[in-house]
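Beneath this line is the structure, given in structure tokens, with notes to follow.
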Amino acid sequence: MKEKVNQLQKEIEEKLKLCQSKKEVNELKTYYLGKKGPINDLSLMLRELNNEEKREFGKTLNELKQRIISLIEERLTYYEEKELNEKLEKETIDITLPSTKIPIGSPNILEHIIEEVEEVFMSMGYDVVDGPELEEDKYNFELLNIPKGHPARDAQDTFYIEDETILLRSQTSPVQARTMLQAGGDKPIRMICPGKTYRRDADDATHSHQFMQIEGLLVDKNISLSDLKGTFDVIAKKLFGENSKTRFRPSYYQFTEPSVETDISCFACKGEGCSLCKQTGWITVSGAGMVHPNVLRNCGYDPEIWTGFAFGFGAERLAMLKYGIDDIRTFYQTDLREIKAFDRKEG
Ligand code: DAH
């Protein structure tokens with residue numbers, strides 16, 4: 001019996017040595033330790049022994065089993081480590097290789113131009129304020145001297161949300177009214193308000209149903225059109241270069257009197273005439289004027305004491321001029337090639 005055990009142990013040890021893989025070791029394990037394996041066969045023989053022999057042989061058999069288990073485990077661990085090392089070896093990262101370039105985002109070009117305008121105005125003591133995009137007809141039109149039924153409303157094809165009282169603002173000018181009403185009629189005001197505006201326009205190269213304006217308002221005592229001209233000169237020089245000249249042309253807005261279109265000398269041809277300025281040497285950049293006495297009155301300011309000027313820039317127009325972009329839709333589509341081109345322009 002003892003001999004059989006020794007023989008079996010030797011046999012297993014030999015076979016284990018010949019194993020080439022974890023799989024083969026596991027096969028050995030299943031066979032030798034399994035129910036139909038030789039160790040189990042030996043333990044069946046216990047039945048035929050007397051008590052004394054049973055105890056002795058049982059112990060030997062147990063020791064054999066333990067020894068086999070630990071030999072097999074040892075082998076399995078060996079193969080597991082080997083496999084792991086091979087895997088690690090294969091998956092080693094070569095840290096000297098150049099890494100993949102992670103694309104870094106950049107601010108939208110409109111954001112950029114708005115910030116630029118904000119900075120210039122803030123340096124002149126203006127506040128940057130905000131207003132709701134979902135607006136009341138009262139602020140968008142009524143208080144701005146555009147009563148119901150007035151033809152000036154037709155020029156701004158408005159998105160009405162609720163029975164002619166709630167709308168998507170068609171201009172940032174309602175923020176003028178809100179600011180004056182909030183100020184209470186007894187304090188000077190200097191503010192600009194950049195923000196989204198909406199009109200029922202069909203989108204094309206120069207129209208977008210949603211676009212951005214930068215509204216401006218200054219209210220104080222003894223303000224005249226020459227203050228607007230001076231302010232505008234500073235803006236033009238800061239945004240379009242020190243040699244920029246400005247001019248006013250008469251215009252009409254319901255909320256300003258007099259009203260003007262503000263032009264800057266063409267920065268592409270320096271005023272000589274080119275395709276950008278349509279051979280005129282001038283480019284229109286905003287509407288502006290002296291705040292209409294009705295508007296001042298509607299918003300709690302006494303026009304006998306207070307005067308002011310207001311203006312409205314189209315942010316896309318500024319950016320298109322400054323960066324040579326010829327289609328307003330460029331700002332609102334997600335074509336990465338276009339965005340990358342802006343990156344390059346930003347240097
Ligand atoms: N809100 C005008 C528009 O959308 C632009 C404008 C013109 C704003 C003159 C003003 C202004 O504040 O004084 O066409």
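Below, each value reflects all heavy atoms present in this structure, side chains not excepted, and no hydrogens, waters or symmetry copies. Just so you know, ligand 1 is whichever comes first in the structure, and atom 1 is the first atom listed for that ligand.
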**Prompt:** Transitive ILVMFWY cluster of Ile93 at side-chain heavy atoms under 4.5 Å: who else is in it?
**Reply:**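 Members other than Ile93 - counting any ILVMFWY side chain reachable under 4.5 Å - are Ile95.
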[Y]/[X] salt bridge by N-O under 4.0 Å criterion:
X      : Y      : value
Arg199 : Asp157 : no
Arg75  : Glu24  : no
Lys229 : Asp233 : yes

**Request:** Look at the aromatic rings of Phe311 and Phe121 and report parallel, tilted or perpendicular, splitting at 30° and 60°.
**Result:**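 Rings of Phe311 and Phe121: parallel, as their planes differ by under 30°.
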Around [atom], find the nearest protein heavy atom and jot down its residue, atom name and distance.
atom                    : answer
atom 5 (C) of ligand 1  : Gly312 CA, 4.2 Å
atom 1 (N) of ligand 1  : Gln171 OE1, 2.7 Å
atom 11 (C) of ligand 1 : Phe255 CE1, 3.5 Å
atom 12 (O) of ligand 1 : Glu215 OE2, 2.5 Å

Please report, to 0.1 Å, the donor-acceptor pairs under 3.5 Å made by any side chain of residues 38-45, with sequence neighbours excluded.
{"unit_1": "Asn40", "atom_1": "OD1", "unit_2": "Ser43", "atom_2": "OG", "d": "3.4"}
{"unit_1": "Asn40", "atom_1": "ND2", "unit_2": "Lys35", "atom_2": "O", "d": "2.6"}
{"unit_1": "Ser43", "atom_1": "OG", "unit_2": "Asn40", "atom_2": "O", "d": "2.7"}

**Item:** Heavy atom of Glu257, distance to ligand 1 below 4.0 Å
**Value:**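 No heavy atom of Glu257 comes that close to ligand 1.
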Show me which atoms of ligand 1 lie under 4.0 Å from any heavy atom of [X].
X      : value
Gln176 : 12 (O)
Thr256 : 13 (O)
Ala288 : 9 (C), 11 (C), 13 (O)
Gly287 : 7 (C), 9 (C), 11 (C)

**Request:** Please work out which of Phe313, Phe211, Tyr253 has its closest non-hydrogen atom nearest to atom 14 (O) of ligand 1.
**Result:**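 It is Tyr253 that holds the nearest heavy atom.
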**Item:** Residue from Leu181, Leu144, Leu143 passing side-chain contact (heavy atoms from CB on, under 4.5 Å) with Asn298
**Value:**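 Considering Leu181, Leu144, Leu143, a side-chain contact (heavy atoms from CB on, under 4.5 Å) with Asn298 is found only for Leu143.
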**Qualifying residue, where the test is side-chain contact (heavy atoms from CB on, under 4.5 Å) with Lys87 and the options are Lys90, Glu83, Glu89, Glu91** =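 Checked Lys90, Glu83, Glu89, Glu91 against Lys87; only one passes side-chain contact (heavy atoms from CB on, under 4.5 Å): Glu91.
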**Message:** Below a 4.0 angstrom heavy-atom separation, can you tell me which part of Ser173, side chain or backbone, both or neither, approaches ligand 1?
**Reply:**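 It is the side chain that touches ligand 1; the backbone stays farther off.
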**Request:** Heavy-atom distances under 4.0 Å are what count here, so tell me which part of Met290 touches ligand 1: side chain, backbone, both or neither.
**Result:**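 Neither part.
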**Asked** Would you say Gln213 has any N or O atom under 3.5 Å from an N or O of ligand 1, going by distance alone?
**Response**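 Yes.
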**Contact check: Ala310 vs ligand 1, nitrogen or oxygen atoms, below 3.5 angstrom** =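 Among all N and O atoms of Ala310, at least one is under 3.5 Å from an N or O of ligand 1.
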**Six-ring centre of Tyr332, Arg329 cation under 6.0 angstrom, axis tolerance 45°** =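 That pair does not qualify as a cation-pi contact.
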